Amino acid sequence: MTRLKLYNTLSGRIEEIVPSDGQPIKMYVCGPTVYSRAHIGNFRTFMATDMLRRTLKFLGMEVLEVMNITDVDDRIIQLASAKDTNIEAFTEEPTRAYLEDLATLRMEIPEVMPKATEHVGEMIALIEQLMARGHTYTVDGSVYFRIASFPSYGGLSRLDVSGIKTGARVDTDKYEKEDARDFVLWKLKGDEPPWAQWDASFGRGRPGWHIECSAMSMKYLGETFDIHCGGVDLIFPHHENEIAQSECGTGKLFAKHWMHVDHLLVENETMSKSKGNVYNIPDLLARGFRSDQIRYMLAQSHYRKAFNFTWDGLAQVETALARIHTFWNRLLEETSTPAGPAHDDVVQAATSALAAFEAALANDLNAPEALAAVHGLVSEGNSVADRGTVNGAGARVLLDALKKMDQVFACFEPPTGDLLSGDEQALFDARQDARKRRDFSAADVARKALQERGVILEDTAKGTRWKRVRA
RNA sequence: GGCGGCGUAGCCAAGUGGUUAAGGCGGAGGUCUGCAAAACCUCUACUCACCGGUUCGACUCCGGUCGCCGCCUCCA
């Protein structure tokens, strides 16, 4: 079995992912905070983790993935209060929208998607454990983690935390801490509404942000698990804090492997509401792009490199992906060609493309290189098809290879189900009639009319095909 | 200031201490076609920000310069 080699933030090296005997690969992804619709930057990260889990499966491994839904946080409480509602009602829509977007992008649904509010008990238990082991202190009823009690703190981010001095930063928590590096595990009941408070042995209040990931990951994956994923911005302090509270709570190694996905920029700028460049999935769909094109765009980049989203780039994706779709359709048609064994060069093309594809992904999820293998298959396949040496069996071999690759990219299969409208169908038929009469000027009029509606025609030996392009 | 990353053709983007520096988009020419589209063929970086160094040999390793970016504070 080919092993996946993945960069590990913890060691700073590329290391193999090896499942514990008989166990699935256990991965945790820091999921969305459901206070508004997730944007394409969020999905850049989640697309990378989707590619990770699909690659693991492609390489023959089982996967157990947990992705949390953060449904308690200051923004949520604030927004829900302002709307005179509560957490459950307020987060319902953003959560639904998130799941809808995941489906749109054909991301596999993680095996477990726990909500923070449903795991406050586990968080309290972990905090009690930390208290018992002497890693906490309490100020005005709020419980803090004492970083001084965890000497290896800072190992993930390689930050010299001693430089972070008390009072050296703006403390938005408005709670007093012994040391600025310390972080809150439990916030004492303040002026938040009753629906944002929970009872704990150490006082009524609400959990800090970091504790939920520790509690939920360990509940479903065990105290030590394989891969922990998230955006690069979470390395510090979130993941650093997770490690501290988890390892101090259990005395065991928390996550073996840390995968961090770099950010997405829009036209070379960071996304921000003031710039008006924060796009979400419905925004892109509204511009006429299809979900498979959006998926291809997000999946094509290397996860450890900043990805620059541009409208021009998305337009380039349209053409590149159309080439693959056209090839797929061509193979479907060729499979009905008379049988006989597949030619050697066809089998060879499929085999070597698949090998290159697998090797690329196994090498730290090198998506661009994997895509090169896909396009290589398309080129060679088209080439032999043009030479007429692809019979039904050969086409099936090529299509099987492409389908195999699509287990990871999930956007190579041409969109189906799209139909011509009545008007369009009438124009299409009229053109076919005109062509039969060899009245080509009439035929071209019909084609032009269809083109203006975004329908492009292709006359082939097996009939006339049509496809829709962005108007 | 500290830590880290990036700079490859018109655009996007891989890559390696040593044969012709992947692939896609775009462009040029050709084949095919009623015309197109699709596809195929040929061409499109004598060069990998710049300057030094190490080496038999560097785009790939080291040092420096310039430029861009991220983190050190909530953030995918």
Side-chain angles (χ1 to χ4, degrees), chain A residues 9 12 29-33 35 38-49 73-75 154 157-164 168-173 180-181 209 229-238 240 260-265 268-272 296-297 300-310 312-327 329-330 356 360 363 366-376 378-387 434-435 438-441 443-444 447-448 451 456-461 464-467 469:
Chain A
T9 309
V29 177
C30 281
T33 300
Y35 71 101
H39 51 69
I40 54 175
N42 295 305
F43 285 111
R44 198 267 159 117
T45 296
F46 300 135
M47 184 61 75
T49 62
D73 118 300
D74 288 351
R75 285 168 297 189
S157 55
R158 291 178 187 75
L159 279 179
D160 181 6
V161 288
S162 65
I164 306 172
R169 53 164 217 154
V170 182
D171 187 351
T172 53
D173 284 343
R181 303 172 300 163
W209 173 37
C229 315
V232 283
D233 51 306
L234 296 183
I235 295 174
F236 184 88
H238 185 237
E240 207 71 79
H260 290 102
V261 185
D262 210 319
H263 275 356
L264 173 146
L265 302 172
N268 263 314
E269 294 190 308
T270 54
M271 279 189 294
S272 71
Y296 185 100
M297 174 193 70
Q300 68 175 335
S301 66
H302 188 98
Y303 77 94
R304 280 203 287 135
K305 221 174 159 183
F307 175 69
N308 186 24
F309 167 81
T310 63
D312 182 53
L314 192 45
Q316 288 190 11
V317 161
E318 282 187 284
T319 323
L321 188 54
R323 177 175 161 81
I324 298 172
H325 288 338
T326 302
F327 180 60
N329 279 145
R330 181 177 194 177
N363 181 200
N366 193 332
E369 202 174 302
L371 238 20
V374 174
H375 280 104
V378 174
S379 289
E380 290 195 59
N382 272 141
S383 189
V384 291
D386 271 11
R387 275 185 258 126
R435 288 185 74 226
R438 300 193 66 77
D439 180 354
F440 295 118
S441 61
D444 287 348
R447 169 154 64 197
K448 191 128 190 282
Q451 193 172 352
I456 301 291
L457 300 180
E458 296 176 21
D459 299 324
T460 75
T464 299
R465 283 198 288 252
W466 60 271
K467 67 178 177 185
V469 297

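Labels below follow one simple rule: chain letters A, B, ... track the order of the sequence lines, proteins then strands, and each chain is numbered from 1. Not measured: the values here are computed from a predicted model.
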Could you state the atom-to-atom distance from [atom1] of [X] to [atom2] of [N] in whole Å?
{"X": "A:Arg387", "N": "B:C32", "atom1": "CZ", "atom2": "C1'", "result": "16 Å"}
{"X": "A:Ile235", "N": "B:C74", "atom1": "CD1", "atom2": "P", "result": "15 Å"}
{"X": "A:Arg304", "N": "B:G15", "atom1": "CZ", "atom2": "C1'", "result": "14 Å"}
{"X": "A:His263", "N": "B:C69", "atom1": "NE2", "atom2": "P", "result": "15 Å"}
{"X": "A:Asp459", "N": "B:C32", "atom1": "CG", "atom2": "P", "result": "17 Å"}
{"X": "A:Asn382", "N": "B:U31", "atom1": "CG", "atom2": "C1'", "result": "15 Å"}
{"X": "A:Asn329", "N": "B:A38", "atom1": "CG", "atom2": "P", "result": "14 Å"}
{"X": "A:His260", "N": "B:G5", "atom1": "NE2", "atom2": "P", "result": "15 Å"}

Under 4.0 Å between any heavy atoms, over every strand shown, what does [X] touch: base, sugar-phosphate, or nothing? Just pick one.
{"X": "A:Leu457", "result": "base"}
{"X": "A:Thr270", "result": "sugar-phosphate"}
{"X": "A:Ala306", "result": "nothing"}
{"X": "A:Gly230", "result": "sugar-phosphate"}
{"X": "A:Ser379", "result": "sugar-phosphate"}
{"X": "A:His302", "result": "sugar-phosphate"}
{"X": "A:Met47", "result": "nothing"}
{"X": "A:His375", "result": "sugar-phosphate"}
{"X": "A:Arg323", "result": "sugar-phosphate"}
{"X": "A:Leu265", "result": "nothing"}

Side chains of [X] and [Y]: closer than 4.5 Å at any heavy-atom pair?
{"X": "A:Leu159", "Y": "A:Glu240", "result": "no"}
{"X": "A:Ile456", "Y": "A:Gln451", "result": "yes"}
{"X": "A:Arg447", "Y": "A:Asp459", "result": "yes"}

Complement of [N], any strand, by Watson-Crick or G-U distances under 3.5 angstrom:
{"N": "B:C43", "value": "B:G27"}
{"N": "B:A14", "value": "none"}
{"N": "B:U20", "value": "none"}
{"N": "B:U60", "value": "none"}
{"N": "B:G1", "value": "B:C72"}
{"N": "B:U33", "value": "none"}
{"N": "B:A49", "value": "B:U65"}

Nearest of [options] to any side-chain atom of [X]?
{"X": "A:Lys305", "options": "B:G34, B:C6, B:A38", "result": "B:C6"}
{"X": "A:Arg435", "options": "B:G34, B:A38, B:C40", "result": "B:G34"}
{"X": "A:Ala320", "options": "B:C25, B:G34, B:C41", "result": "B:C25"}
{"X": "A:Leu159", "options": "B:A39, B:A76, B:G2", "result": "B:G2"}
{"X": "A:Thr319", "options": "B:A37, B:G26, B:G15", "result": "B:G26"}
{"X": "A:Asp312", "options": "B:A38, B:C11, B:A14", "result": "B:C11"}
{"X": "A:Ile456", "options": "B:A14, B:A76, B:A37", "result": "B:A37"}
{"X": "A:Asp386", "options": "B:A76, B:C40, B:A38", "result": "B:C40"}

With no angle test and no hydrogens, is the base of [N] tied to the side chain of [X] by a donor-acceptor pair under 3.5 Å?
{"X": "A:Asn268", "N": "B:C69", "result": "no"}
{"X": "A:Arg44", "N": "B:A76", "result": "no"}
{"X": "A:Asp233", "N": "B:G70", "result": "no"}
{"X": "A:Arg447", "N": "B:C35", "result": "yes"}

When the [atom1] atoms of [M] and [N] are compared, how many Å lie between them, rounded to an integer?
{"N": "B:G4", "M": "B:A14", "atom1": "C1'", "value": "22 Å"}
{"N": "B:A49", "M": "B:U8", "atom1": "C1'", "value": "10 Å"}
{"N": "B:G5", "M": "B:C46", "atom1": "C1'", "value": "30 Å"}
{"N": "B:C32", "M": "B:A37", "atom1": "C1'", "value": "11 Å"}
{"N": "B:G24", "M": "B:U19", "atom1": "P", "value": "23 Å"}
{"N": "B:U55", "M": "B:U60", "atom1": "P", "value": "16 Å"}
{"N": "B:U44", "M": "B:C71", "atom1": "P", "value": "41 Å"}
{"N": "B:C66", "M": "B:A45", "atom1": "P", "value": "32 Å"}

- request: Applying side-chain contact (heavy atoms from CB on, under 4.5 Å) between A:Tyr303 and each of A:Val232, A:Thr49, A:Thr45, A:Val261, report the one that passes.
  value: A:Val261
statement: Rounded to the nearest 0.5 Å, the NE2 atom of A:His39 sits from the CG atom of A:Leu264 at a distance of 9.0 Å
- prompt: If we ignore angles and hydrogens, is there a donor and acceptor under 3.5 Å between the side chains of A:Thr9 and A:Arg158?
  reply: no
field: A:Phe307 six-ring centre to A:Arg44 NZ/CZ under 6.0 Å and within 45° of normal
entry: no
query: B:G15 phosphate, OP1 or OP2: any side-chain N/O from A:Asn366 under 4.0 angstrom?
result: yes
field: Step-by-step side chain to side chain contact (heavy atoms under 4.5 Å, CB included) determination, A:Lys467 to A:Asn329
entry: CA-CA 11 Å; A:Lys467 67 178 177 185; A:Asn329 279 145; over 6 Å; no
